[in-house]
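Working notes, structure below.
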Amino acid sequence: MSNATQLIHSIPTDPLTGSLAVPIYQTSTFVQESPGVNKGYDYARSGNPTRAALEKVIAQLEAGTTGIAFGSGLAAIDAVLKLLKAGDEIVAVDDIYGGAFRLFTHVYEKFGITVHYTDTTDATNVFNAITPKTKLIWIETPTNPTLKISDIKAIAKIAKAHACWLCVDNTFASPALQQPLLLGADIVIHSATKYLGGHSDLIAGLVVTKDEVLGAKIKFIQNASGAILSPFDSFLVIRGIETLHLRVQQHCSNAQAVAEFLATHPLVENVYYPGLTSHTNHNIAASQAKGFGGIVSFTLKNDTEAAAVAFVTNTQYFKLAESLGGVKSLLCHPAQMTHKSIPVEKRRSAGVTDSLIRLSVGLEDAADLINDLKHAFKAVATLESAIKQTTNI
Ligand SMILES: *Cc1c(COP(=O)(O)O)cnc(C)c1O
């Protein structure tokens, strides 16, 4: 669904009261006329009208049949993994979200599920990693934090040919930019904590399936395992989605301006942003998405943690925090924050060098954001001249 009118009006008004906003049904249970005779809801883990409204909206947004809402992005990922059984195998993108890596490796491998990590930016690597036991292919595009792009259509074809599911973590792009189910994927997951919620005020996860039978299986897992999203947080995600298209447009144009500024800065070594024509997979990004998103990463010529710390502690508008996708700009230093638990050599070889800084470009004025970054670069330059002076002594 690309049309903002359609999106806004897919959010229902309340059939009982006419309430324009989706009401928060803060209840655990629903009164029954006689056993089993009810108005469509019996117990709020199994179903809640506020959550149901969100599930319907996200299914439409992602062009799927079934939406399922969870208490976090990781709970959504966990529900998809529960489709598998001992002996099954997964082929996953090598620079996968750290929390997904932890769940796959430290929880699911214990239950006999094997994960093969590979560089999915080249679809032939996916083909080569598949075995007769492969049931699921897991990609993120763009990835975190180096914004690598994988070809969803090409990988979907490989999945189809080997009768396995392709699941795309669409958190970074959001359905405003990219709809993986229309490109052949079977499942989409979101950390709705990020762009869908959009205001850094909740934790939530969503799954959407193309196929109704698969959707019913995940709905069964949602009820059986119980990691549901609360009515209040469902309301907040719906409210975030109402302005998704507008926000994402501004995130994209601000991020493009920031990336272009960084690309010309003398203290910067590499800039990672799919919207730059210098990005390795710029063309694939341009063909499968309507925009390049709000995340920009870069490394410093002075590739040290000290230089990165000087940078991230000298911004005013970019706040130092984990997470992304909100109204306010954030920045983080993955080597000491999101990617701290990854062994140093593995982290560096994935491109997450000691000075890499990730920006979540928010909705402030682009010129103000660029001035904020200029100020932080001055702190890096000052640090460098101080080091030169001490080494001269
Ligand atoms: C944040 C994030 C997750 C995990 O979501 P939570 O809501 O924090 O549980 C998964 N995938 C990606 C790409 C993320 O950025």
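Note that ligands are numbered from 1 as they come in the structure, with each ligand's atoms numbered from 1 the same way. As the structure is a prediction and not an experimental result, all values here were calculated from the model.
In this view, T264 satisfies the side-chain contact (heavy atoms from CB on, under 4.5 Å) rule with no residue, not counting sequence neighbours. Judged as a salt bridge (charged side-chain N to carboxylate O under 4.0 Å, His left out), and not counting sequence neighbours, the contacts of K135 are D88.
Within 6.0 Å of NZ on K328 lie no more than 12 heavy atoms contributed by other residues, nucleotides or ligands.
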Which pairs would a plain distance check flag for residues 71-82, meaning a side-chain donor or acceptor within less than 3.5 Å of a matching protein atom at least two apart in sequence or in another chain?
{"residue": "S72", "atom": "OG", "partner": "L74", "partner atom": "N", "Å": "3.4"}
{"residue": "S72", "atom": "OG", "partner": "A75", "partner atom": "N", "Å": "3.0"}
{"residue": "D78", "atom": "OD1", "partner": "Y108", "partner atom": "OH", "Å": "2.7"}
{"residue": "D78", "atom": "OD2", "partner": "K82", "partner atom": "NZ", "Å": "2.7"}
{"residue": "K82", "atom": "NZ", "partner": "S225", "partner atom": "OG", "Å": "3.2"}

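D354 and T304 form no side-chain donor-acceptor contact under 3.5 Å, judged by distance and modelled atom types alone. Donor-acceptor pairing under 3.5 Å is lacking for the side chains of Q250 and E364.
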Under 3.5 Å, N/O to N/O: give me all the pairs between ligand 1 and the protein, one per line with atom names and distance.
{"residue": "ligand 1", "atom": "5 (O)", "partner": "S191", "partner atom": "OG", "Å": "3.0"}
{"residue": "ligand 1", "atom": "7 (O)", "partner": "G73", "partner atom": "N", "Å": "2.9"}
{"residue": "ligand 1", "atom": "7 (O)", "partner": "S191", "partner atom": "OG", "Å": "2.8"}
{"residue": "ligand 1", "atom": "7 (O)", "partner": "T193", "partner atom": "OG1", "Å": "2.7"}
{"residue": "ligand 1", "atom": "9 (O)", "partner": "G73", "partner atom": "N", "Å": "3.0"}
{"residue": "ligand 1", "atom": "9 (O)", "partner": "L74", "partner atom": "N", "Å": "2.9"}
{"residue": "ligand 1", "atom": "11 (N)", "partner": "D169", "partner atom": "OD2", "Å": "2.7"}
{"residue": "ligand 1", "atom": "15 (O)", "partner": "K194", "partner atom": "NZ", "Å": "2.7"}

